[in-house]
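Starting from 1, each residue takes its place in the sequence as its number.
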Amino acid sequence: MGCQMLWLPLALTLMMATVSTGGSIVEECDPGDLKGLASFRGGIHMDTSGRLAKWVGRRCCRWQGVSCNNETGRVTEVHLPGFISTVDFVFQSQMEGWFSPSIALLTSLEVLDLGGLAGLSGRIPTSIGRLKNLRKLYLYGNKLRGSVPESIGKLLKLEELHLHENRLSGFLPPTLGCLKNLNALLLHSNRFTGSIPASFSNLTNLMHLDLHANSLTGHIPQNIGDLQLLKELDLSDNLLNGEIPASVNNLTSISVMYLDANHLEGEIPFPSNYGQMPLLGFLRLQNNQLGGKIPPNLGYLVSLQRVSLENNKLEGAIPSSLGNLEALTELYLSGNKLSGVIPKSIGQLSNLILLTLSHNSIQGPLPNEMSALQNLQTLDLSFNSLTLNSIPRWVAELPSLSRIYLAGCGIKGQIPDMLKSTPSPIQELDLSANDLTGGLPAWMGSLTQLYSLNLSRNHLSSSIPASVADFQELGVLDLHSNNLTGSMEHVFKIGTSFPGGSLTYVDLSDNSFTSGIQQISVGTLERVVYLNLSHNLQESKLPTSMEKLKALQSLDLSYNKFGFGLVEALANLSHLETLKLQRNQFTGRIPAEFLNLKNLKDLDLSDNLLVGEIPAGRPLSDFPQSCFTGNT
């Protein structure tokens with residue numbers, strides 16, 4: 001009995017001496033694990049999270065971010081992600097330093113998470129292949145360089161490999177095709193070159209493959225269709241060429257497929273039959289060289305929500321079968337060679353919120369069935385062969401439409417009054433390159449939610465009404481190449497309710513304005529990046545208040561009658577990249593302060609009445625003599 005009484009406290013004492021906060025029953029760290037962790041810590045010279053500062057002593061299983069096996073005491077997981085989220089706070093930490101190859105000493109490691117630390121540099125060590133138990137490897141969002149070692153193909157238990165957003169380069173090792181347990185392979189946003197290894201088709205458990213934003217060349221692997229569990233495929237923004245393999249029809253689980261921004265050619269080969277790719281919801285093929293017609297079978301992909309085929313070489317008519325895509329919300333077909341008329345079946349797309357068909361050869365008339373697109377918010381039919389003559393009334397009656405682009409559509413007459421009171425306030429309106437006549441209507445200022453207005457390249461002939469000052473959110477105003485006259489002063493009063501104003505882009509060039517620049521109100525133009533007042537009839541001195549247009553990057557006042565000296569105030573526009581003042585009547589010397597325009601890339605002071613020497617030094621010395629000719 002006495003022995004039993006002594007045993008109980010002895011057992012409790014042993015348990016208290018051996019159980020750590022991490023649940024380990026071994027007090028001290030395995031020597032190899034300790035050396036590997038200590039070497040990693042030694043390579044880091046900055047840790048904003050403070051986690052590594054707590055790595056002291058030999059009991060590494062108690063260290064923050066380290067987990068061990070309860071029975072062996074070996075380190076199995078290292079979690080030191082850059083993004084730290086707890087119940088109390090969210091913190092983006094950063095580590096700077098060298099990725100120590102000694103991490104390979106942690107031979108029982110199953111999870112290594114060093115993702116998003118931003119400053120981890122060095123290379124992925126060739127010894128990484130020793131981590132035979134590794135299931136998850138997260139090294140994304142760092143500054144790692146060099147190639148991916150072939151030894152990574154020895155990590156046969158690996159399920160997730162995230163190396164994206166680094167500076168990795170070289171060829172993708174074919175040994176990656178040995179990782180048959182891999183379900184996520186994310187290598188995007190690096191500097192990889194060469195072709196996609198054919199061995200990738202062996203990764204039959206892969207669900208996510210993302211290689212976008214590299215410099216990969218060659219063809220998409222012919223057997224890519226063997227990845228039948230693949231849900232997301234992103235090969236966009238590379239240099240891939242050749243045709244899209246027909247085997248993509250076998251991707252029965254695919255829901256996202258992005259192949260845009262490559263050099264792919266040939267016809268769209270999918271779907272070849274009804275029932276293929278039944279879950280495909282997001283398809284991007286834009287910015288390639290795909291040709292032929294839009295396949296009518298595309299109408300079989302009934303799960304499609306967003307489709308972009310723009311900027312290819314597609315021709316022929318838009319197939320009426322697209323009307324079967326009842327889930328479709330966005331359809332991008334701009335920049336092709338499409339012809340014929342818009343099919344009436346487009347009116348069946350009740351969930352459509354965006355339709356862009358610009359820069360094709362589509363003919364009119366527009367089908368009245370489009371008036372059923374009750375959820376349509378954006379409509380772009382610009383630069384086709386529509387010859388509308390007038391805007392159909394149903395356009396102004398669509399209950400959700402707020403962005404209207406009808407540039408180059410052959411619209412004639414005055415700006416229609418029906419745009420004054422649309423069911424949904426207009427936010428963007430582009431009627432440029434038409435045959436509009438008359439003036440700017442006074443009611444236009446009532447479009448208080450308008451952000452972008454483009455009426456350029458028409459035949460408008462009036463002064464700018466005072467009501468334009470009522471625009472409260474206008475950021476882009478383009479009225480160039482009309483016959484507008486009088487003062488432009490009301491433009492410079494737009495957005496007065498915004499501190500610094502709302503305008504960022506103003507183009508009033510190629511008109512007949514005679515005044516207004518003196519009325520520039522600095523408080524309303526502090527955000528302006530682009531200002532073009534060229535090819536008008538203004539004659540005055542430049543206001544010194546222009547020096548406070550701190551955001552200005554491009555200023556064009558050429559082909560006017562501005563006189564007097566060049567104001568030194570222009571030298572305070574430190575972000576200025578383009579300055580065009582040619583063909584005016586500026587006098588005096590070029591201010592030496594112009595040497596402060598360090599970002600200047602485009603300068604023209606020719607054909608004025610300037611005298612004296614050109615101030616010596618950059619950036620003025622970078623420009624050719626033609627930028628200064630026609631002066632004294």
Pair Arg41, Ser100: side-chain N/O donor-acceptor within cut-off below 3.5 Å: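 On atom types as modelled, these side chains do not qualify, holding no pair under 3.5 Å.
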Can you see whether Ser93 engages Ser49 through a side-chain donor-acceptor pair at a distance of less than 3.5 angstrom?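 No pair is found: no donor N or O on one side chain lies under 3.5 Å from an acceptor on the other.
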[atom1] of [X]: more than 12 outside heavy atoms within 6.0 angstrom?
X      : atom1 : value
Arg135 : CZ    : yes
Phe83  : CZ    : yes
Phe171 : CZ    : no

Got [X] and [Y] here, is their nearest side-chain heavy-atom distance under 4.5 Å?
X      : Y      : value
Thr48  : Gln92  : no
Leu333 : Ile294 : yes
Arg527 : Leu503 : no
Leu325 : Leu331 : no
Ser236 : Arg284 : yes
Ser85  : Val90  : yes
Asn375 : Leu352 : no

Test of understanding: with ring pair (Phe, Tyr, Trp, His ring centres under 6.0 Å), list the residues that count as partners of [X], not counting sequence neighbours.
X      : result
His212 : His188
Phe270 : none
Tyr530 : Tyr505
Tyr451 : none

Could you tell me which non-hydrogen atom of [X] sits nearest to which non-hydrogen atom of [Y], and how far apart they are?
X      : Y      : value
Arg74  : Leu106 : NH2-C, 4.4 Å
Leu158 : Lys136 : CD1-N, 3.9 Å
Leu227 : Leu203 : CD2-O, 3.1 Å
Ser402 : Pro425 : CB-O, 3.4 Å
Pro197 : Pro221 : O-CG, 4.1 Å
Pro319 : Pro296 : CB-CA, 4.0 Å

Begin from the C-alpha positions of Phe192 and Leu187 and carry the test side chain to side chain contact (heavy atoms under 4.5 Å, CB included) through to its verdict. CA-CA 9 Å; Phe192 292 120; Leu187 304 177; 3.9 Å; yes
Test [X] against every option in [options] by the side-chain contact (heavy atoms from CB on, under 4.5 Å) rule and name the one that passes.
X      : options                : value
Leu379 : Leu357, Leu373, Leu355 : Leu355
Phe200 : Leu182, Leu211, Leu206 : Leu211
Leu161 : Ile152, Leu186, Leu155 : Ile152
Leu240 : Asn288, Ile196, Asn214 : Ile196

Listed by chain and number, what are the side-chain contact (heavy atoms from CB on, under 4.5 Å) partners of [X], not counting sequence neighbours?
X      : result
Thr356 : Glu310, Tyr332, Ser334, Leu354, Asp380
Glu326 : none
Asn599 : Glu577

Is it true that a side-chain atom of [X] and a backbone atom of [Y] form a donor plus acceptor pair closer than 3.5 Å?
X      : Y      : value
Asn297 : Tyr274 : no
Asn205 : Lys180 : yes
Asn249 : Ser272 : yes
Ser39  : Gly36  : no
Asn142 : Tyr140 : yes

Could you measure the distance from the [atom1] atom of [X] to the [atom2] atom of [Y]? Nearest 0.5 Å is fine.
X      : Y      : atom1 : atom2 : answer
Leu283 : Ser308 : CG    : OG    : 8.5 Å
Asn311 : His359 : CG    : NE2   : 9.5 Å
Asp30  : Lys35  : CG    : NZ    : 12.0 Å
Asn312 : Ile268 : CG    : CD1   : 7.0 Å
Asn351 : Gln374 : CG    : CD    : 12.0 Å
Asn181 : Thr204 : CG    : OG1   : 9.0 Å

How would you list all residue pairs meeting ring-ring contact (aromatic ring centres under 6.0 Å, His included) that involve residues 229-266, not counting sequence neighbours?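 Sorted result for residues 229-266: empty, none.
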Tell me which pairs pass ring-ring contact (aromatic ring centres under 6.0 Å, His included) where either residue lies in residues 41-74, with sequence neighbours left out.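 Residue pairs passing ring-ring contact (aromatic ring centres under 6.0 Å, His included), neighbours aside: Trp55-Trp63.
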Considering only distance and modelled atom types, tabulate donor-acceptor pairs under 3.5 Å from the side chains of residues 108-129, sequence neighbours left out.
| from | atom 1 | to | atom 2 | distance (Å) |
| --- | --- | --- | --- | --- |
| Asp113 | OD1 | Gly115 | N | 3.1 |
| Ser121 | OG | Gly97 | O | 2.9 |

Take Leu301 and Met277 through the test side chain to side chain contact (heavy atoms under 4.5 Å, CB included) and record every step on the way to the result. CA-CA 7 Å; Leu301 303 176; Met277 311 174 81; 4.0 Å; yes
Yes or no on side chain to side chain contact (heavy atoms under 4.5 Å, CB included) for Met95 and Leu52, after CA distance, side-chain angles and deciding distance? CA-CA 10 Å; Met95 287 187 189; Leu52 297 186; 3.9 Å; yes
According to the side-chain hydrogen bond (donor to acceptor under 3.5 Å, both in side chains) rule, which pairs have a member within residues 145-167, sequence neighbours left out?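 Non-adjacent pairs meeting side-chain hydrogen bond (donor to acceptor under 3.5 Å, both in side chains): Asn133-Lys157, Tyr138-Glu160.
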If you apply the rule side chain to side chain contact (heavy atoms under 4.5 Å, CB included), what do you find for Leu290 with Ile244, and how did you get there? CA-CA 9 Å; Leu290 298 171; Ile244 300 173; 4.2 Å; yes
Output a table of donor-acceptor pairs, distance under 3.5 Å, between side-chain atoms of residues 250-257 and any protein atom two or more places apart or on a different chain; print 'none' if there are none.
| from | atom 1 | to | atom 2 | distance (Å) |
| --- | --- | --- | --- | --- |
| Ser253 | OG | Gln228 | O | 2.9 |
| Ser255 | OG | Lys231 | O | 3.1 |

For the Cys pair Cys68 and Cys61, is the SG-SG distance shorter than 2.5 Å?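 Yes, disulfide present: SG-SG under 2.5 Å.
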